[in-house]
Amino acid sequence: MTTFASRHIGPDVDEQAHMLKAIGFGSVDELMDAAVPEVIRWRGGLDLPPAASEEEAVAELRELAGRNRVSRSMIGQGYYGTVTPAVIRRNVLESPAWYTAYTPYQPEISQGRLEALLNFQTMVTDLTGLATANASMLDEGTAAAEAMTVARRASRHKSTVYVVDADTYAQTVAVLRTRAEPLGIELRVLDLASEPLPEEFFGLHLQYPGASGVLADHAGLVELAHERGALVTVAADLLALTLVRAPGEIGADIAAGTTQRFGVPLGFGGPHAGYLAVRAGLERSLPGRLVGVSRDADGASAYRLALQTREQHIRREKATSNICTAQVLLAVMASMYAVYHGPSGLREIAERVHRRAVRLEEGLRTGSEAFFDTVRARVPGRAEAVVAAAAGRGVDLRLVDADTVTVSCDETTTEADLAVVWDAFGVAHPAAAGEHEGGAVERIPAGLRRTSGYLSHPVFNTHHSETGMLRYLRRLADRDYALDRGMIPLGSCTMKLNATTEMEPVSWPEFADIHPYAPASRAAGYEQMVAQLEGWLAEITGYDAVSVQPNAGSQGELSGLLAIRRYHRSRGDEGRTVCLIPSSAHGTNAASAVMAGLRVVVVGCDDRGNVDLADLDAKIEKHAGELAAIMVTYPSTHGVYEAGIADLCAKVHDAGGQVYVDGANLNALVGFARPGRFGADVSHLNLHKTFCIPHGGGGPGVGPVAVRAHLAGFLPGDPLRDGSHAVAAAAHGSAGILPISWAYLRMMGPEGLTAATAVAVLSANYVAARLRDHYPVLYAGAGGLVAHECILDLRPITKAHGVSVDDVAKRLIDYGFHAPTMSFPVAGTLMVEPTESEDLVELDRFCDAMIAIREEIGQVAAGVWPGGNNPLSNAPHTAACVSADEWAYPYPRSVAGFPPGVDRASKYWPPVRRIDGAYGDRNLVCACPSPDAYEGE
Ligand SMILES: *Cc1c(COP(=O)(O)O)cnc(C)c1O
């Protein structure tokens, strides 16, 4: 019988035998015995349910889904019913061309998603009235928290007070609290409708419209805050902004929020794209990824990530934020919703929502005067009964307190829904009002009505037919290289199969259409799935408790470090504030440590790439009483199983510190070693690496945090409960994509998971063995073996022949490949992670391409082709350049366009040539350029 594991794992038994022979082993068991150090080796097997077939897993998921109850949600609070246009659902959310892509670090093969993200940024800047928006945040709560730190950095005020208006979503306040405390920021929640602003504060957070639904004119508060030297963040609803004055027009410095209601399903809390926008002058302190316009080697306009020097990879503990994986796939969906509807379509949707809310209010007679979509009703002593009555008829309202209910309308609200609400309140149905002629904006006060235009760029005014939209999506997808074209051997990123069976349940209504704050009875299936998944992850990692709340690896890191900090404090150890981090660590590690209020002390690596244990001793001694933790990646970021790990853990524990193991590389451990049992106290995992959630072009992700028992009480909790220490706006973070990892674990079973690890290690060693004679493999562990990835050292080649790591990466595009990870963790190198999912044909195709490129380098070395004018330095070559009437290069066109091994019939042509990043940073353009900018090309 064909098992799912045999579909997930690329090389079959014969291919594995061939690969084993090439590296000199008789079996995978022999290989793993040699590769994995005995001190960490787990031989107890995994206590997980045996593998289910694809059909069985789907049936079980259907049963779980069936325990969720889809209702009509009028709870609001930042999460709304929305209609995902089917053309976008099928051709973005459900399309591997979009969901299997990686973060666009290789911009020449990512022009499609970069254009979609530029549309997203343009949509956000237009609607918020601010100068620059980034390419998505993790959710509204974290966007608000990042806004707070932008204000902190930009304000010259020495005050540590950040004022938050009381009419702000509870979950936003919770995330702000978590993030403020370790940074020494004092959060002051004030009801600014009645209380005055303090004299001294560095920033102010206002919500617009407020959590109560009230649409207040914030211009006076903004002015006062500015007079006192503070910056102002306005958390604004993008749909409302089509009708009301933009934050930028009332003087806001920063706008933050979510784009969920632009066609992205609720998913029990996520994933959705948050947004963050800033006024002119603040763009260089804007965290997150920013897409900008630059030009390629032929002078054509091209997109790429701008201001990369701000990234945590480079700035480490000086980074402005730890955000890495964001929410690209969802940002693409939201931007396409705006492209599809256009400015007048969006305005129509907003007017319809507003009209419903106005009609709702006519029945409830709440006396509300200014609102957009949400009405607050006082029903002294009856609130619970009203909410229960509506729930009984399938409509969920928000219980504020014993006397108060809020009701939110959205794009999906019908007259019948309103009737249920009126009945629940026991009020008469108002007379049918027709279409409120001319009264579309009647509860938006005149002074708050939007008069400025938005989304005037042609892209938002062209693709309004379904045919047009379908073709636009196809055109953009065709420009990109994703896993549906070939392997993406990115070290540290684990680009493995995202199986269709794993993906399908994501768009089932029983998972997609559940509000995160729905009553427990609506989400029983979700709760059961989350509990099972957390239990399985605990079993795999050897930890005692897991939380799936963090919605990216970076957030898992922060949660884990905050748990350590709170643990020390709970024991009166306030002085433990030093976090040791090896020099080879991923940039997010240092950035997260700073956000958790820790001081980073770097520990060196020895010349074999291992943590230098002598330096570790010295640093421990120096910071003895202050040691909070060490944060190490295992296997190391060099892709090696370090035998010294047990020693390292013991040394840190003896000194009173905690051990954090970054589990992003868990693909090398599953079934063979358990961090929670080999000495670590806490880890985060990346479900979007090891556990098959697709990268989506740079998100979504899920970064569960896993801890041993003594830290379990410090895990993040439900943001709607007091003292939650929440790191995301919803209790289970990006719950909507958890079925993917659930299905993977369920279908692989313990043997399949263990086999996957072994084949991942086998594949990496096979690639290392095939390429070793052509490029030095930088680090290896026992017996010359690597773990699940290997680093190819190009520095000697660059030094001798001037061919750079960039040249090789771009030439790989001509050969039809996505480059490996460039210059991480070692500058001037390529890190290759093939994963278990690539079969032998693809592994060999990649190795052959790398070897052919090495021969091309030989031609440059031999002087056949000049340095600086050869197929490597001129790569990649576009179809336009290869077919141009003029050809001035010292090598034939066929060498440029059809290097060895390339199938002429199915060649992937990059749409642009090599992109000049520096030019774009000097001439920063982060919104859709006007069409005449392309003139003359
Ligand atoms: C990917 C990765 C991270 C960051 O994860 P995100 O989900 O992108 O935030 C952290 N550490 C290592 C070693 C990684 O490979």
Side-chain angles (χ1 to χ4, degrees), residues 102-105 135-139 142 146 270-271 274 287-289 305 311-313 316 319 321-329 488-496 548-561 581-593 595 609 611 631-640 642 660-669 675 680 682-706 727-728 733-734 737 741 787-789 791 820-826 831-833 835:
Y102 185 66
T103 304
Y105 285 132
S136 77
M137 300 297 289
L138 290 163
D139 62 16
T142 56
E146 299 283 353
R289 285 169 185 150
L305 294 176
E311 285 232 3
Q312 9 70 10
H313 297 99
R316 298 177 167 265
S321 155
N322 68 343
I323 188 171
C324 183
T325 290
Q327 300 281 21
V328 167
L329 187 70
I488 302 184
L490 285 166
S492 207
C493 302
T494 315
M495 299 295 289
K496 57 163 72 172
V548 296
Q549 184 181 100
N551 44 19
S554 61
Q555 307 306 298
E557 290 175 18
L558 177 63
S559 312
L561 291 168
I581 298 185
S583 53
S584 62
H586 195 271
T588 51
N589 290 184
S592 298
M595 288 168 64
V611 173
M631 201 174 184
V632 291
T633 302
Y634 203 86
S636 72
T637 49
H638 295 136
V640 174
E642 285 180 56
Y660 188 115
V661 165
D662 180 328
N665 289 346
L666 207 75
N667 212 41
L669 298 183
V682 47
S683 290
H684 78 273
L685 324 173
N686 276 357
L687 299 192
H688 47 301
K689 292 178 179 169
T690 310
F691 299 98
C692 298
I693 289 176
H695 279 250
V702 176
V705 55
V727 295
S734 291
I737 50 177
S741 298
H788 64 309
E789 57 195 7
I791 299 180
T821 298
M822 264 169 54
S823 292
F824 172 80
V826 182
M831 182 156 66
V832 183
E833 180 180 0
T835 84

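Just so it is clear, the model here is predicted, and its values are computed rather than measured. Counting starts at 1 for both ligands and their atoms, following the listed order.
Contact of the Ser584 side chain with the Thr633 side chain is not registered, since no non-hydrogen atoms from C-beta on lie closer than 4.5 Å.
Applying the ring pair (Phe, Tyr, Trp, His ring centres under 6.0 Å) criterion to His695, with sequence neighbours excluded, gives Tyr102, His688. Annotation: ring pair (Phe, Tyr, Trp, His ring centres under 6.0 Å) contacts of Phe824 (sequence neighbours excluded): His586. Looking at residues two or more places apart in sequence or on another chain, you find a side chain to side chain contact (heavy atoms under 4.5 Å, CB included) between Ser636 and His638, Val640, Glu642.
Using modelled atom types, one finds no donor on one side chain facing an acceptor on the other under 3.5 Å when comparing Ser492 with Glu833.
Residue-level contacts of ligand 1 at the 4.0 Å heavy-atom threshold are Cys324, Thr325, Ser492, Ala552, Gly553, Ser554, Glu557, His586, Thr588, Asp662, Ala664, Asn686, His688, Lys689.
A donor-acceptor distance shorter than 3.5 angstrom exists from the side chain of Ser136 to the backbone of Gln327, with no hydrogens or angles considered.
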